[in-house]
Protein chains: 2
Amino acid sequence: MINDSAKISIPNIDNEMKQQLMESGTIKNFKAGDVILQENSYIKTLPIVLQGSLKVLREEEDGKEILLYYIKAGETCVMSFLGGISNDKSKVKAVVEEDSEILLIPIHNAQDWVSKYPSWCDFIFKLYHKRFEELLSVVNAMAFQKIDQRIVELLQKKQQLTGSKEINVTHQQLADELGTAREVVSRLLKQLEREKKIALSRNKITIL
Amino acid sequence: MINDSAKISIPNIDNEMKQQLMESGTIKNFKAGDVILQENSYIKTLPIVLQGSLKVLREEEDGKEILLYYIKAGETCVMSFLGGISNDKSKVKAVVEEDSEILLIPIHNAQDWVSKYPSWCDFIFKLYHKRFEELLSVVNAMAFQKIDQRIVELLQKKQQLTGSKEINVTHQQLADELGTAREVVSRLLKQLEREKKIALSRNKITIL
DNA sequence: TAAGCTATGTGATATTTGTCACTGTTTCGT
DNA sequence: ACGAAACAGTGACAAATATCACATAGCTTA
């Protein structure tokens, strides 16, 4: 049991809290592409990423989507938390970005712990701050940047997330995350290739 | 002093907390148009709106802006709170939307109270949720809606905020809040007038 | 009262992004 | 091995929004 709780590399979470997490939660493995939270579904668990990453998106009825932020190891989905405490359906969709190991905490536990464990409360608060700033960045990019800048920044974000200059992604996936058309992405990537900023191959983009 | 704390119509804030607010804070009156928080300035106080309203915007170096959300009576600016606890400069600008009476709380008090007063912690948390959802709405509108829909929704928001069908606003102000061009707003409003959805006069829009 | 400033409306054009249609290549499944 | 599906690239065109220039009307100030 001690071995297991060592898996939890969350800053500022004390051992007692980690114990609680392990005892209350269930560890599950997911593959890239798995949808672990569907929009408009009720939230039963709070996912804490042990390894890997998730992406959180907003989608419209007609299928259009927009990326909000990524969830890395040591983080959770505050939108799930939000949905849980207001007993509402999820307003976002969470998709596994890289193969992941996730600890699923029953949502009522996550809520109860806020008043019971200061380190948990602090953890949730800090994640709220982080996500809030990330949403501000999304608003900023959409309001003030052209689509070509947004593509470049999205590639940089993916590079940071995986730590690799080789990004496994399709043009369609990038288009989905940016809320634009696949052809727009293909054209802009081709231009970036001409400018020797990236190298393209099928299902893969290499940042130079 | 008891008369004063009665001014604070914040749900779920107990009397002891209200007492603290009144003792620690300073009440000030502001006029519509006053800027009470400039982007890139350090945050010293947390503004709680007693009467009136504020609008919070993001601005770009070249002067372009975008409206994030309104702050009504009984609410505060979580971005100020965020900036205060991370000892950072403000990432937003706050402008008085309607003549307002505001209670200014020293930021260090606001921070200390989170662990000291459960009702304050709850208040801040709930406002975070609210703002988070509002930012999601902004992202949604920008990603999935055309500018004409966004103008209509902005007018509806202003109507809700003031409780009046007569909205005192210029085309330029709407353009600033939406991050678009003044001519675009004038044209769309003119069309809405032709469709008998609004009535236009200088500095005023009446929703029919 | 008149000049100056602000707000609004309009025409024309430019830019950016989106859509449609299609082709070619690569990968996957039977 | 072959056909289907997915992915990528490209041309042409459409739609939405932005920009520029300018005129007119309303309001403020001297």
Side-chain angles (χ1 to χ4, degrees), chain A residues 31-33 59-60 62-67 138-155 158 166-195 197-206, chain B residues 31-33 59-60 62-67 138-155 158 166-195 197-206:
Chain A
K31 295 205 157 292
E59 68 185 342
E60 179 73 319
D62 63 5
K64 288 185 79 179
E65 304 183 317
I66 192 83
L67 175 74
V138 173
V139 170
N140 241 64
M142 296 182 74
F144 307 132
Q145 286 177 337
K146 295 196 166 77
I147 194 70
D148 57 353
Q149 276 183 289
R150 291 173 60 209
I151 288 185
V152 167
E153 287 188 8
L154 182 52
L155 293 176
K158 285 184 183 288
E166 283 195 355
I167 300 162
N168 293 310
V169 71
T170 67
H171 298 193
Q172 184 61 60
Q173 282 170 325
L174 292 177
D176 290 342
E177 292 178 12
L178 293 164
T180 188
R182 197 268 311 163
E183 294 91 333
V184 170
V185 172
S186 293
R187 289 186 225 272
L188 288 167
L189 289 178
K190 205 65 182 174
Q191 189 184 313
L192 287 170
E193 190 182 40
R194 275 193 232 104
E195 295 168 5
K197 289 170 173 167
I198 60 173
L200 297 173
S201 48
R202 191 183 168 98
N203 286 339
K204 186 161 58 174
I205 299 170
T206 304
Chain B
K31 293 206 159 291
E59 66 185 344
E60 178 75 318
D62 63 6
K64 288 185 78 180
E65 304 182 317
I66 192 82
L67 175 74
V138 174
V139 169
N140 239 65
M142 296 182 73
F144 309 131
Q145 286 177 336
K146 295 191 165 77
I147 194 69
D148 57 353
Q149 274 184 290
R150 289 173 60 209
I151 288 185
V152 167
E153 287 189 7
L154 181 52
L155 293 176
K158 285 182 183 288
E166 283 195 356
I167 300 164
N168 293 307
V169 69
T170 67
H171 297 193
Q172 184 62 59
Q173 282 170 326
L174 293 177
D176 290 344
E177 293 178 10
L178 293 164
T180 188
R182 196 270 310 162
E183 294 90 334
V184 170
V185 172
S186 294
R187 288 186 227 272
L188 287 166
L189 289 178
K190 204 63 181 175
Q191 188 184 315
L192 287 171
E193 190 182 43
R194 275 193 232 102
E195 295 169 6
K197 289 170 173 167
I198 60 173
L200 295 173
S201 48
R202 186 183 169 99
N203 286 337
K204 185 161 60 175
I205 298 169
T206 304

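Computed from a prediction, not measured in an experiment: that's the story for all the values here. Convention: sequence-line order gives letters A, B, ...; per-chain numbering from 1.
For A/E59, the side chain to side chain donor-acceptor pair (under 3.5 Å) criterion is met by no residue, not counting sequence neighbours. Every side chain to side chain contact (heavy atoms under 4.5 Å, CB included) that A/T180 has, sequence neighbours left out, goes to A/I147, A/A175, A/L178, A/V184, A/V185. Shown here are the side chain to side chain donor-acceptor pair (under 3.5 Å) partners of B/E60, two or more places apart in sequence or in another chain: there are none. By the side chain to side chain contact (heavy atoms under 4.5 Å, CB included) test, A/Q145 is found to be paired with A/A141, A/Q149, A/R150, A/E153, residues two or more places apart in sequence or in another chain being considered. Scored by the side chain to side chain contact (heavy atoms under 4.5 Å, CB included) test, B/E177 finds B/K55, B/L57, B/L67, B/Y70, B/E97, B/L154, B/K158 as partners (sequence neighbours excluded). The salt bridge (charged side-chain N to carboxylate O under 4.0 Å, His left out) search around B/K64 returns none, not counting sequence neighbours. Residues passing the side chain to side chain donor-acceptor pair (under 3.5 Å) test with A/E183, sequence neighbours excluded: none. By the side chain to side chain donor-acceptor pair (under 3.5 Å) test, A/N168 is found to be paired with no residue, residues two or more places apart in sequence or in another chain being considered.
If you measure from atom CZ of A/R150 to atom P of C/dT16, you get 15 Å, rounded to the nearest angstrom. In this structure, A/Q149 atom CD and C/dT16 atom P are separated by 11 Å, rounded to whole Å. Spacing between atom CD1 of A/I205 and atom C1' of D/dG9 amounts to 14 Å, rounded to whole angstrom units. Across the protein-nucleic acid pair, B/I167 atom CD1 and C/dA7 atom P stand 17 Å apart, rounded to whole Å. One interatomic measurement links the two molecules: CG of A/N168 to P of D/dC7, which rounds to 13 Å at whole-angstrom precision. Atom-to-atom, CD of A/Q191 to P of D/dG11 comes out at 14 Å; the value is rounded to the nearest Å. Rounded to whole Å, atom C1' of D/dG11 lies 15 Å from atom NZ of A/K190. Distance CG (B/D176) to C1' (C/dA7): 13 Å, rounded to an integer number of Å.
Taking only side-chain nitrogens and oxygens, B/H171 never comes nearer than 4.0 Å to OP1 or OP2 of C/dA7.
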N/O-N/O pairs, protein side and nucleotides 26-28 of chain C side, under 3.5 Å:
from: C/dT26; atom 1: O2; to: A/R202; atom 2: NH2; distance (Å): 3.2

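Using five terminal pairs a side, the axes of the helix from C/dT1-D/dA30 to C/dT30-D/dA1 at its two ends make an angle of 40°, given in steps of 10 degrees.
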Contact letters for nucleotides 16-23 of chain D, in which S counts primed atoms plus P, OP1 and OP2 and B counts the base, heavy atoms under 4.0 Å: SSSBBB--

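Judged as a salt bridge (Lys or Arg N to Asp or Glu O under 4.0 Å), not a single pair has a partner in residues 139-149 of chain A (not counting sequence neighbours).
Between atom CD of residue A/Q172 and atom CG of residue A/N203 there is a gap of 12.0 Å, rounded to the nearest 0.5 Å.
Counting any heavy atom pair closer than 4.0 Å across all strands shown, B/L189 reaches no nucleic acid atom.
Of the residues B/L192, B/I151, B/V169, B/T170, the one that meets the side chain to side chain contact (heavy atoms under 4.5 Å, CB included) test with B/I205 is B/V169.
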